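Beneath this line is the structure, given in structure tokens, with notes to follow.
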Amino acid sequence: MTTIEANLQQVRERIARSCQQAGRDAKGVTLLAVSKTFDANAVRQAQAAGQRVFGENYVQEGVEKIQLLRSEDPTNPLEWHCIGPLQSNKSRLVAEHFDWVQSVDRLKIAQRLSEQRPDGLPPLQVCLQVNVDGGANKSGVAPEELLALAQAVAPLPRIRLRGLMSVPEPVDGFEAQRAVFLRVKGLFDDLNARGFALDTLSLGMSDDLDAAVAAGSTMVRVGRAIFGSRPARATGD
Ligand SMILES: *Cc1c(COP(=O)(O)O)cnc(C)c1O
């Protein structure tokens with residue numbers, strides 16, 4: 001068994017355990033494997049171990065992997081999520097190559113993605129990224145501005161609003177982590193009470209996925225616990 005295969009198995013068991021403790025069905029939590037900084041071979045290994053959904057932070061790097069794997073096999077059923085900060089000048093690449101974008105935090109980007117999504121592809125699946133705890137410099141829409149953004153994004157023709165994503169500042173301890181995630185869950189429930197029909201709450205990473213599952217996450221984004229530790233990377237894309 002490869003390390004990636006063994007790690008994947010452990011992460012799946014961890015999710016199952018967290019679901020059981022929370023009284024939830026493990027089928028209600030999708031595992032997104034975050035392959036940023038790892039090469040296509042790591043993705044192939046994870047796919048061989050049954051993983052189908054992958055996330056990338058850096059647009060150029062992600063598109064190269066997507067194109068490589070699709071050129072090897074055009075029918076490859078992998079699903080690709082863009083989870084990193086989005087710059088306007090990269091939106092076309094994202095709209096043309098990814099299946100999902102989880103990091104939409106302003107209307108202008110959503111409009112560009114909708115305009116640039118090719119007609120031959122299904123609508124781009126979108127989550128709004130919410131900043132529930134950070135300063136003004138952090139990615140994500142402020143909770144006070146979330147409703148207006150959701151109302152403006154939902155009608156755009158070539159994207160489909162699926163839910164919320166958040167990357168809280170790291171805090172120590174299960175209860176503290178869960179408390180932050182529950183704030184996002186509250187916003188999610190509020191939007192659904194207003195009729196949005198969102199089905200995706202993307203919360204939790206390698207260090208806090210258990211608390212995220214306890215708070216109602218439907219998608220955990222896991223990198224290091226599957227692929228190992230990453231080399232430090234300069235910011236930017
Ligand atoms: C890198 C990253 C992850 C995965 O983090 P790990 O700690 O490696 O599990 C998840 N979500 C986002 C937005 C990331 O940038």
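Positions are given from 1 along the sequence. In this text the structure is predicted, and so the values were computed from the model without any measurement. Both counts, for ligands and for their atoms, begin at 1 and track the order of listing.
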(message) Taking CG in Asn89 as the centre, count heavy atoms belonging to other residues, nucleotides or ligands within less than 6.0 Å. Is the count above 12?
(response) yes
(request) Can you spot which of Thr218, Leu161, Leu164 makes a side chain to side chain contact (heavy atoms under 4.5 Å, CB included) with Thr200? (result) Thr218
(message) Closer than 4.0 Å to some heavy atom of Arg224 - which atoms of ligand 1 meet that?
(response) 6 (P), 7 (O), 8 (O), 9 (O)
(request) For residues Leu107 and Val153, determine if any side-chain heavy atom of one lies less than 4.5 Å from a side-chain heavy atom of the other. (result) yes
(request) May I ask you to check whether Asp207 has an N/O atom sitting below 3.5 Å from an N/O atom of ligand 1? (result) no
(message) Within ligand 1, which atoms have a heavy atom of Arg221 less than 4.0 Å away?
(response) 4 (C), 9 (O), 10 (C), 11 (N), 12 (C), 13 (C)
(request) Tell me which protein heavy atom sits closest to atom 10 (C) of ligand 1, plus the residue, atom name and distance to 0.1 Å. (result) Met205 SD, 3.2 Å
(message) I need the atoms of ligand 1 closer than 4.0 Å to a non-hydrogen atom of Lys36, numbered in the order shown.
(response) 1 (C), 2 (C), 3 (C), 14 (C), 15 (O)
(message) Can you tell me which portion of Gln102 lies within the under-4.0 Å heavy-atom range of ligand 1? Options are side chain, backbone, both, or neither.
(response) neither
(message) Could you identify the single nearest non-hydrogen protein atom to atom 6 (P) of ligand 1 and state the distance to 0.1 Å?
(response) Ser206 OG, 3.5 Å
(request) Mark up the atoms of ligand 1 that fall under 4.0 Å of a heavy atom belonging to Asn57, in ascending order. (result) 14 (C), 15 (O)
(message) Is there a side-chain contact (heavy atoms from CB on, under 4.5 Å) between Leu203 and Phe188? Walk through the geometry before answering.
(response) CA-CA 11 Å; Leu203 297 175; Phe188 178 81; over 6 Å; no
(message) How close do Ala197 and Asn192 get, counting heavy atoms only, and between which atoms?
(response) N-OD1, 3.1 Å
(message) Between Glu115 and Arg112 (salt bridge meaning N to carboxylate O under 4.0 Å), is one present in this structure?
(response) no
(message) Only heavy atoms of Val222, strictly under 4.0 Å: list the atoms of ligand 1 that pass.
(response) 9 (O)
(request) Within a distance under 4.0 Å of any heavy atom of Ile83, pick out the atoms of ligand 1 and give their elements. (result) 11 (N), 12 (C), 13 (C), 14 (C)
(request) Hey, can you tell me if His81 and Trp100 have their rings parallel, tilted or perpendicular (30° and 60° cut-offs)? (result) parallel
(message) Below the 3.5 angstrom mark, is there an N/O of Gly223, backbone or side chain, next to an N/O of ligand 1?
(response) yes
(request) Taking all non-hydrogen atoms of both residues into account, name the closest pair between Gly140 and Asp105 and its distance. (result) N-OD2, 2.9 Å
(request) Mind checking whether Val167 contacts ligand 1 via backbone (N, CA, C, O), side chain (CB onward), both or neither, at a 4.0 Å heavy-atom cut-off? (result) side chain
